[in-house]
Amino acid sequence: MEAQKTQISLNSQALDYQKKMINPLVFWFAMLAKLPSAVFWRIRIKSISPEKCEVTIPYFWRSQNPFKSIYFAAMAGAAELSTGALCQLALAGKGKFSMLVVDFRAEYFKKANEKITFTCNQGIELFELIDSMDINGTEQLMLVSSGKNPKGEEVARFYVTWSFKRKA
């Protein structure tokens, strides 16, 4: 028996958000206004879909630490953005919500001394959770973002727990 893949269709607000986040100029201005450290570290959204979000961070003088690797906070910012942007996509056009990071953990496996791509693959699970929420209901979901170097080796893994509340 084959597992059926859930298809998520995006509403117009989600499509608009998706389009803005992959447009480098619009993304740059949005980050400058809301998350200036992402601009400083040159974090980029490589792709965003209902299934996953990929975010890159380069290794260069602004993102590195004294040990010639990417500073842990810069990697944390990229990893958190890969989960947060996916949350924003899932919430777009679905009414009023509040969202907040309530837990954050990280594991490091290799030295991050080249461009790292952080990927969160839990979009379907996230969309299903958001769509199932009742007014004034609260839910939490731990999203995992895996950071890999260009060779495909996992450098770090971040666990970001988001809390959501659907408002009236």
Side-chain angles (χ1 to χ4, degrees), residues 8 10 13-92 97-127 129-130 140-164:
I8 303 283
L10 298 176
Q13 292 94 332
L15 288 169
D16 186 49
Y17 176 81
Q18 182 184 44
K19 188 177 176 182
K20 287 177 181 175
M21 290 300 100
I22 58 173
N23 179 312
L25 188 60
V26 174
F27 176 78
W28 188 87
F29 278 110
M31 292 300 103
L32 186 62
K34 301 287 184 185
L35 194 60
S37 59
V39 172
F40 183 76
W41 290 323
R42 288 196 196 151
I43 293 172
R44 305 273 189 272
I45 292 183
K46 181 178 175 182
S47 70
I48 185 168
S49 71
E51 291 81 27
K52 68 179 180 176
C53 182
E54 295 178 307
V55 172
T56 61
I57 184 166
Y59 169 68
F60 74 126
W61 73 270
R62 283 191 251 171
S63 65
Q64 79 179 28
N65 62 29
F67 309 106
K68 297 187 165 84
S69 63
I70 299 177
Y71 181 48
F72 81 95
M75 286 197 292
E80 190 261 349
L81 183 60
S82 73
T83 64
L86 201 52
C87 291
Q88 290 290 311
L89 184 68
L91 296 173
F97 282 84
S98 60
M99 58 186 265
L100 177 69
V101 173
V102 294
D103 192 30
F104 191 88
R105 278 189 316 116
E107 296 177 302
Y108 302 91
F109 308 113
K110 292 185 68 63
K111 193 169 190 170
N113 56 6
E114 51 194 323
K115 184 184 209 177
I116 304 298
T117 301
F118 284 93
T119 306
C120 178
N121 290 311
Q122 292 171 263
I124 301 296
E125 181 182 0
L126 174 62
F127 272 77
L129 176 78
I130 297 302
Q140 289 187 3
L141 182 62
M142 179 192 295
L143 296 175
V144 180
S145 183
S146 175
K148 295 184 179 180
N149 64 22
K151 297 177 204 98
E153 301 166 320
E154 189 172 34
V155 172
R157 188 177 308 142
F158 290 80
Y159 303 86
V160 185
T161 303
W162 289 94
S163 175
F164 303 96

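No experiment lies behind these values; they were computed from the predicted model shown.
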Peer 1: Can you tell me how far CG of Leu15 sits from CG of Leu89, rounded to the nearest 0.5 angstrom?
Peer 2: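 So the CG of Leu89 and the CG of Leu15 are separated by 8.5 Å.
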Peer 1: Hey, could you give me the CD/SG distance between Glu54 and Cys120, rounded to the nearest 0.5 Å?
Peer 2: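 It is 11.0 Å, given to the nearest 0.5 Å.
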Peer 1: Apply ring-ring contact (aromatic ring centres under 6.0 Å, His included) to Phe158 and list each qualifying residue two or more places apart in sequence or on a separate chain.
Peer 2: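 Listed in chain order: Phe104, Tyr108, Phe118.
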Peer 1: With Ser69, which residues qualify under side-chain hydrogen bond (donor to acceptor under 3.5 Å, both in side chains), at least two apart?
Peer 2: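 For Ser69 the side-chain hydrogen bond (donor to acceptor under 3.5 Å, both in side chains) partners, ignoring immediate neighbours, are Asn65.
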Peer 1: Find the distance between CD1 (Ile22) and NZ (Lys46) and round it off to the nearest 0.5 Å.
Peer 2: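 So the CD1 of Ile22 and the NZ of Lys46 are separated by 13.0 Å.
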Peer 1: Thr56 vs Ile116, test: side-chain contact (heavy atoms from CB on, under 4.5 Å). Steps then yes/no.
Peer 2: CA-CA 6 Å; Thr56 61; Ile116 304 298; over 6 Å; no
Peer 1: Please check if atom CZ in Phe109 has more than 12 non-hydrogen atoms from other residues, nucleotides or ligands closer than 6.0 Å.
Peer 2: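 Counting neighbours around CZ of Phe109, more than 12 heavy atoms of other residues, nucleotides or ligands fall under 6.0 Å, so yes.
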Peer 1: Taking the side chain as every heavy atom from C-beta outward, state whether Lys52 and Leu86 have any pair of such atoms under 4.5 Å apart.
Peer 2: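 Result no, sub-4.5 Å side-chain heavy-atom pair not found.
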Peer 1: I'd like to know if the side chain of Lys111 reaches the main chain of Phe67, judged simply by a donor and an acceptor atom lying under 3.5 Å from each other, with no hydrogens or angles considered.
Peer 2: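 It does hold such a pair.
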Peer 1: Side chain of Ser63, backbone of Pro58: donor and acceptor closer than 3.5 Å?
Peer 2: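 Yes, Ser63 side chain to Pro58 backbone: donor-acceptor pair under 3.5 Å.
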Peer 1: Taking only residues two or more places apart in sequence, or in another chain, which ones meet Gln140 in a side-chain hydrogen bond (donor to acceptor under 3.5 Å, both in side chains)?
Peer 2: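 None.
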Peer 1: Compare every heavy atom of Lys34 with every heavy atom of Pro36, then report the nearest pair and how far apart it is.
Peer 2: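 Reported closest heavy-atom pair: CD-C, 3.7 Å.
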Peer 1: Would Ile124 and Glu51 satisfy side-chain contact (heavy atoms from CB on, under 4.5 Å), going step by step from the backbone distance to the final call?
Peer 2: CA-CA 5 Å; Ile124 301 296; Glu51 291 81 27; 4.1 Å; yes
Peer 1: Calculate, to the nearest 0.5 Å, the distance between atoms CZ and CG belonging to Phe27 and Leu81 respectively.
Peer 2: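 Separation between the atoms: 5.0 Å.
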Peer 1: Out of Gln64, Glu114, Lys115, which one pairs with Tyr59 under the side chain to side chain donor-acceptor pair (under 3.5 Å) rule?
Peer 2: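 Of Gln64, Glu114, Lys115, side chain to side chain donor-acceptor pair (under 3.5 Å) with Tyr59 is met by Gln64 alone.
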Peer 1: Apply side-chain contact (heavy atoms from CB on, under 4.5 Å) to the pair Phe164 and Leu126, showing each step before the final yes or no.
Peer 2: CA-CA 11 Å; Phe164 303 96; Leu126 174 62; 3.7 Å; yes
Peer 1: Are any non-hydrogen side-chain atoms of Met99 and Leu91 less than 4.5 angstrom apart?
Peer 2: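 Yes, their side chains come closer than 4.5 Å.
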Peer 1: Do Asn113 and Lys68 make a side-chain contact, defined as non-hydrogen atoms from C-beta onward lying under 4.5 Å apart?
Peer 2: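 Asn113 does not reach Lys68 side chain to side chain.
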Peer 1: I'd like to know if the side chain of Gln122 reaches the main chain of Met142, judged simply by a donor and an acceptor atom lying under 3.5 Å from each other, with no hydrogens or angles considered.
Peer 2: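 Confirmed, Gln122 side chain pairs with Met142 backbone.
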Peer 1: Looking at every heavy atom in both Ile130 and Ala90, which two are closest together, and how far apart are they?
Peer 2: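 Closest heavy-atom pair between Ile130 and Ala90: CG2-O, 3.8 Å.
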Peer 1: Between Ile45 and Ala85, what is the shortest heavy-atom contact and its length?
Peer 2: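 What the structure gives for the nearest pair is CD1-CB, 3.9 Å.
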Peer 1: Return the set of residues passing side-chain hydrogen bond (donor to acceptor under 3.5 Å, both in side chains) with Gln18 (not counting sequence neighbours), or none when no residue passes.
Peer 2: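 For Gln18, no residue satisfies side-chain hydrogen bond (donor to acceptor under 3.5 Å, both in side chains) once neighbours in sequence are set aside.
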Peer 1: So which heavy atom on Ile43 is nearest to which on Gly77, and how close?
Peer 2: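 Distance-wise, the nearest heavy atoms are CD1-C, 4.1 Å.
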Peer 1: Please list all pairs passing the side-chain hydrogen bond (donor to acceptor under 3.5 Å, both in side chains) test where one or both residues lie in residues 71-88, with sequence neighbours left out.
Peer 2: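 Found Ser82-Ser145, Thr83-Trp162.
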Peer 1: Could you go through the side-chain contact (heavy atoms from CB on, under 4.5 Å) check for Leu10 and Tyr17 one step at a time?
Peer 2: CA-CA 10 Å; Leu10 298 176; Tyr17 176 81; over 6 Å; no
Peer 1: Within a reach of under 6.0 Å around CZ of Phe60, are more than 12 heavy atoms found that belong to other residues, nucleotides or ligands?
Peer 2: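 Yes, enclosed.
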Peer 1: Rounded to the nearest 0.5 Å, what's the gap from CH2 on Trp28 to CZ on Arg44? Could you check?
Peer 2: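 The distance works out to 10.0 Å.
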Peer 1: Can you list the residues that meet the side-chain hydrogen bond (donor to acceptor under 3.5 Å, both in side chains) rule with Thr117, with sequence neighbours excluded?
Peer 2: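 Per chain and number, Thr117 pairs via side-chain hydrogen bond (donor to acceptor under 3.5 Å, both in side chains) with no residue.
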Peer 1: Got a second to check how far Leu100's CG is from Cys87's SG, nearest 0.5 Å?
Peer 2: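 So the CG of Leu100 and the SG of Cys87 are separated by 11.0 Å.
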